[in-house]
Amino acid sequence: MEKLDGKKISEKFLFEVKKEVEYLKNRLNKSPVLATVLVGDNPASKVYVSRKIKTCQKVGIGSMDIKLPSSIREGDLLNEIDRLNKNDDVNGILVQLPLPPHIDVEKVISFISPIKDVDGFHPVNLGNLLRGNDSLYPCTPFGIIKLLKEYDIQVEGKNCVIIGRSVIVGKPLALLLLKENGTVTICHSKSKNLKEISKSADILIAAIGKPGFVTPDYVKKGAVVIDVGINSISDKNYAFRIKGEVGLKSIEKKGYLLVGDVEYKTVSNIASYITPVPGGVGPLTISILMENTLKAFKLQRGIKND
Ligand code: GUN
C-alpha cells in the first residue's frame with residue numbers, strides 16, 4: 001500500500017501558486033484577493049475559514065475576512081455579497097457553509113458572481129462542468145483528480161464508485177471522473193447492494209460523513225481508496241480500533257480524534273493506494289481554493305490560463 005500524501009502534493013501546488021502570484025504582482029502591481037464570508041460562530045467553520053486565510057497569506061493572496069452575526073437577515077447578507085461582486089479589488093468570494101437555517105443557501109450561492117465563485121458551486125459553474133467545459137471547479141473534487149494525476153493513477157476505463165451524492169463533493173466529482181473517461185457510479189443512503197457495488201470499484205471514494213464506514217468488506221484488493229470524510233470522534237475503544245495507539249493518544253491529549261469515512265488501519269492492508277485523514281484530501285481542498293482564486297483573478301483581467 002502506498003499513502004497518497006495530500007499534504008505534500010498540496011505544498012507543491014501552493015508553491016506554484018505563490019510563484020505565479022509573485023510574477024503577476026511584479027507585472028501588474030496587483031495580487032488576487034479572496035473575500036471569505038463567515039456567518040455565525042460554528043466552531044468547525046471558524047477553523048476552516050482561518051486556515052483558508054492563513055494559506056492566502058502564505059502564497060501572497062490578499063484576504064478580506066468578513067464575519068457576520070448568525071441573526072443576519074437574508075437580504076442583508078445578499079447586500080454584502082452584492083458589494084463584493086461589485087468591488088473590483090475582490091477576485092474570489094467564498095461563503096462558508098453551512099449557513100443558519102433561516103437563510104436560503106441556494107439563493108445566496110446563486111447571488112455570487114459566477115466569475116468570482118471560487119468554490120465552484122454556482123449553477124453556471126456547475127452547468128459548465130456538466131457540459132464538459134472549463135470552469136471554476138469545486139475544490140475538493142478537483143483536488144482529488146489532481147492528486148490521482150500526481151501519482152500517475154489512470155482513471156480512464158476504471159470503475160469509479162463514489163459513496164455520497166452531495167453537491168459539494170459527490171456530484172461534481174462524478175462529472176470530473178467522467179471527463180477523465182472513468183466509468184462512474186454514485187451510491188447513497190438508499191442504494192441497494194452498497195457493499196457489492198463498492199467492492200467492484202478500482203477507485204473508491206468515500207464522502208458520506210460517517211466515521212470508519214468503509215471497512216475491508218467494501219474494498220476490492222488493490223483498489224485506490226480516497227477518503228473525503230473528516231469526522232471528530234471521542235470514543236477511545238473506537239479510536240484504538242481504527243487508528244491504534246495514535247488514536248488513543250490523540251483522545252487523551254485533545255479529547256477528540258479526527259478520522260475519515262474509511263477504517264484506515266484495516267483497509268490500508270487491502271488497498272493499493274489510500275489517502276490518510278488528516279493529511280489526505282483536506283489540504284488539497286485549500287490549495288485548489290488558492291488556484292481558483294488565482295484563476296478567477298486572471299479570468300477577470302483577460303489573462304490566459306494554461
Ligand atoms: N463547508 C464545507 N465544505 C465547504 C467548502 O468546500 N466550501 C464552503 N464554502 N463551505 C464548505
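All ligand and atom numbering here is 1-based and tracks the order in the structure.
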* Asked: Do any heavy atoms of T140 fall under 4.0 Å from ligand 1?
  -> no
* Given I197, I208, L204, the one that forms side-chain contact (heavy atoms from CB on, under 4.5 Å) with C187 -> I197
* State plainly whether the residues K210 and D261 are in salt-bridge range, i.e. N to O under 4.0 Å. => no
* Structure fact -> Of all protein heavy atoms, the one nearest atom 8 (C) of ligand 1 is D119 OD2, 3.4 Å
* For Y137 and K295, does a side-chain donor sit closer than 3.5 Å to a side-chain acceptor? -> no
* Without hydrogens or angle criteria, can the side chains of Q96 and K46 be said to hold a donor-acceptor pair below 3.5 Å? -> no
* Give yes if a backbone or side-chain nitrogen or oxygen of V95 is under 3.5 Å from a nitrogen or oxygen of ligand 1, and no if not. => yes
* Asked: When you measure from atom 3 (N) of ligand 1 to every protein heavy atom, which one gives the shortest distance, and what is it?
  -> I168 CD1, 4.3 Å
* 4.0 Å heavy-atom contact, Y48 with ligand 1 -> no
* Asked: Cut-off 3.5 Å, side chains only: do D134 and N128 have a donor facing an acceptor?
  -> no
* Quick one: do K220 and D202 make a salt bridge, cutoff under 4.0 Å? -> yes
* **Atoms in ligand 1 with a heavy atom of L94 nearer than 4.0 Å** => 9 (N)
* To do: Give the residue and atom name of whichever protein heavy atom lies nearest to atom 11 (C) of ligand 1, and the separation in Å to one decimal.
  => Q96 NE2, 3.5 Å
* Provide, to 0.1 Å, the distance between atom 10 (N) of ligand 1 and the closest protein heavy atom, together with that atom's residue and name. => L97 N, 3.0 Å
* **P98 N/O under 3.5 Å from ligand 1 N/O** => no
* Lys/Arg N to Asp/Glu carboxylate O, K12 vs E16, below 4.0 Å -> no
